[in-house]
Amino acid sequence: MNDMFGILDLIVLFAAFYIMMQWYQLKFKGEIKTGLLLNNEVNVEKCMDKEGYRKEAAPLLLILGIAAFADALVAIINSNVTMLPMPVTMGVLGIFLLVLVWFGFQSKKLYQKYWDTKKKSIKR
């Protein structure tokens, strides 16, 4: 059972690195990627204000990346180095899950703000 959690810890750690890579590309290279913040079907070229989107989306990715890295680090330490107190491990996991839910809501709001999501009415 411990091996399974070790694999999951590594998956979260690699996900944290992926999130931070997406943040770096958004913040410093100006590349808006689909996958984390946006659905794969979203046409990035149809963004109404790319610079505004980058300024608002970059902190979201940074916060999610830090939370994922902290969760993975605590879990790996807990599994492989020394047992940490249960409130610490559960607290970090709880914070990570809250950040994940918050990230989902915020990324949806950004999509609605920077892409034209209004349904066109059908004329009769």
Joint cluster assignment, L73 & L100, ILVMFWY side-chain distance < 4.5 Å: no
Pairs of donor and acceptor atoms involving the side chains of residues 61-72, under 3.5 Å and at least two apart or interchain, shall be tabulated with distances.
none

N39 vs Y111 side-chain heavy atoms within contact, under 4.5 Å: no
Same apolar cluster (I L V M F W Y, side chains within < 4.5 Å links), M86/L84: no
Pairs flagged by side-chain hydrogen bond (donor to acceptor under 3.5 Å, both in side chains) wherever residues 82-105 is involved - sequence neighbours left out: none
D9 to A75 - nearest heavy-atom pair and separation: OD1-CB, 3.3 Å
Pairwise salt bridge (charged side-chain N to carboxylate O under 4.0 Å, His left out) hits with a residue in residues 36-45, at least two apart: E45-K50
pair V92-I95: side-chain heavy atoms closer than 4.5 Å: no
Distance, nearest 0.5 Å, that separates CH2 of W115 from NZ of K46: 12.0 Å
Gap between atom CG of L38 and atom OG of S107 - 0.5 Å precision: 8.0 Å
Cluster check V99, L37: I/L/V/M/F/W/Y, side chain < 4.5 angstrom: yes
Side chain proximity check, K113 to K109, heavy atoms < 4.5 angstrom: no
Transitive ILVMFWY cluster of F105, excluding itself - 4.5 Å side-chain cut-off: V101
Residues that Y114 engages under ring pair (Phe, Tyr, Trp, His ring centres under 6.0 Å), provided they are two or more places apart: Y53
Quiz: residues 10-29 side-chain donor-acceptor pairs under 3.5 angstrom, not counting sequence neighbours:
from : atom 1 : to  : atom 2 : distance (Å)
Y18  : OH     : Q22 : NE2    : 3.1
W23  : NE1    : A58 : O      : 3.4

Atom of L110, atom of E56 and distance for their closest heavy-atom approach: CD2-OE1, 3.2 Å
